[in-house]
Amino acid sequence: MLNIDLIAGARPNFMKIGPIYKALQAYEGKIQGRIVHTGQHYDRNMSEIFFQQLDLPEPHISLNVGSGTHAHQTAKVMMGYEDLIAADRPDMVLVVGDVNSTLACSLVAAKLHIPVGHVEAGLRSGDMRMPEEVNRIVADRVSSVLFTTCEDGLVNLIQEGVDQDRIVEVGNTMIDSLFSLLPRADERPILEEIGVEPRGYILTTLHRPSNVDDADQLAALLDVLGQLSEDAPVVFPVHPRTRRKIDDLDTYDPAKYPALHLVDPLPYLDFVKCQKEAAVVVTDSGGVQEETSALGVQCLTARENTERPVTVTRGTNRLIGIDPLEILRATRQVLDGDIQEGGMIPLWDGKAGERIAAYLVGLAMKD
Ligand code: UD1
């Protein structure tokens with residue numbers, strides 16, 4: 001029996017581990033998956049509701065680390081996870097994505113000589129000011145198996161000198177969740193609840209430090225979203241860190257733009273529905289660039305770089321930078337009909353979790 005820990009820390013991790021956990025069920029008796037929730041995200045609408053909607057069991061282990069500076073949060077996860085696996089050692093640890101929990105658990109496992117598999121390996125933004133870039137690079141460096149979502153990841157890893165026999169091209173487990181839950185998402189009445197029409201609104205998410213930590217930038221972005229809301233209503237599910245920054249702004253007046261809908265973070269199915277029916281999505285998220293491409297929905301990424309260039313070369317994503325006036329111009333252009341045609345991205349077919357499970361069972365049989 002191969003005992004594998006699946007590490008889940010922050011919101012975007014949950015839809016990535018779900019399909020792997022479920023695919024492992026097919027190999028009962030050969031592989032046992034244990035979900036370890038670090039508690040990096042802990043609000044009901046950032047965490048628990050995702051487990052429910054993804055049909056995942058309650059985490060087998062909760063480390064409850066909560067928020068903190070990068071060092072505090074990472075250290076708390078490392079201490080909690082080291083204590084756990086010193087007492088109850090898995091045969092392998094799977095980490096996903098690029099959040100602080102990914103970094104923390106991969107380091108702990110590597111130092112205890114437990115093999116680490118990194119799911120979503122090899123993505124690079126080239127921007128070391130992003131905490132996620134640091135997390136990705138370190139997690140890849142200490143992992144023994146690197147599961148890639150797309151060719152970009154493979155090429156980057158080979159350029160960095162990783163042996164090709166440690167790289168496994170599996171596709172995108174986040175897209176597995178998206179495709180399998182799309183029919184349920186379609187049934188959600190969230191557009192009626194917010195008061196917008198299919199294809200008639202702009203969806204936006206912003207939480208990156210480069211957009212929300214500077215008060216002037218955040219105020220300018222809110223003003224641009226307000227102006228856009230006079231062309232088409234804007235739906236803006238607000239991440240907790242963004243909410244706090246908006247609350248700190250003394251210039252923001254919620255009454256000024258009635259069609260700018262600032263709502264709480266949405267449950268997974270509601271957010272998928274909002275993406276699927278949007279006229280255009282303006283975001284600085286990584287996962288949203290991927291999901292919109294898979295759904296064929298226009299995406300404008302308000303960042304200077306992306307670790308997911310495949311969504312630009314093959315999908316529906318365009319990188320437009322963080323200048324608020326450029327964001328205004330580019331969004332209006334899409335509303336006026338300037339569409340980027342996307343296509344199917346190789347291996348984003350809903351079966352990535354099965355490929356990972358099949359690879360792992362191969363390891364289990366060797367033992
Ligand atoms: C983290 C990830 C980021 C990912 C994002 C998705 C890192 C370095 N960043 O950023 O890659 O895109 O998650 O959401 O890991 N908070 C709450 N409730 C929660 C969780 C957070 O109120 O359930 C607040 C906390 O006060 C915290 C802040 O939000 O200070 C930021 O949370 P944190 O996990 O540190 O980073 P994110 O910005 O969410």
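Note that ligands are numbered from 1 as they come in the structure, with each ligand's atoms numbered from 1 the same way. Every value quoted in this text rests on a predicted model; they were computed, and no experiment measured them.
Here Asp127 does not pair with Arg303 in a salt bridge; the nearest charged N to carboxylate O distance is not below 4.0 Å. One finds a salt bridge joining Glu326 and Arg329 here, because a Lys/Arg side-chain nitrogen approaches an Asp/Glu carboxylate oxygen to under 4.0 Å. Looking at Arg124 and Asp152, no side-chain N of the basic residue comes within less than 4.0 Å of a carboxylate O on the acidic one, giving no salt bridge.
Of the heavy atoms in Ser101, none comes closer than 4.0 Å to ligand 1. At a 4.0 Å heavy-atom cut-off, ligand 1 touches Met46 through the side chain alone.
Applying the 4.0 Å criterion to heavy atoms of Ser67 picks out, from ligand 1, the atoms 25 (C), 26 (O), 27 (C), 30 (O).
Closest protein heavy atom to atom 22 (O) of ligand 1: Pro240 CB, 3.3 Å.
Closest heavy-atom approach to atom 5 (C) of ligand 1 among the candidates Arg11, Arg244, His207, Met130: His207. Considering only non-hydrogen atoms, atom 38 (O) of ligand 1 lies nearest to Arg241 out of Arg241, Arg136, Arg208. Closest heavy-atom approach to atom 36 (O) of ligand 1 within the set His72, His41, Glu48, Arg243: this belongs to His41.
Within the structure, ligand 1 lacks Ser285 among the residues with a heavy atom less than 4.0 angstrom away.
Judged as a salt bridge (Lys or Arg N to Asp or Glu O under 4.0 Å), the pairs with a partner in residues 192-208 (not counting sequence neighbours) are, in order, Glu132-Arg208.
Classification of the Phe14-His37 ring pair by plane angle, with boundaries at 30° and 60°, yields tilted.
At a 3.5 angstrom cut-off on N or O pairs, Tyr42 counts as close to ligand 1.
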N/O donor to acceptor pairs below 3.5 angstrom from side-chain atoms of residues 109-122, sequence neighbours left out:
from: His118; atom 1: ND1; to: Asp140; atom 2: OD1; distance (Å): 2.5
from: His118; atom 1: NE2; to: Gly97; atom 2: O; distance (Å): 2.7
from: Glu120; atom 1: OE1; to: Lys16; atom 2: NZ; distance (Å): 2.7
from: Glu120; atom 1: OE1; to: Arg308; atom 2: NH2; distance (Å): 3.3
from: Glu120; atom 1: OE2; to: Arg308; atom 2: NH2; distance (Å): 3.1

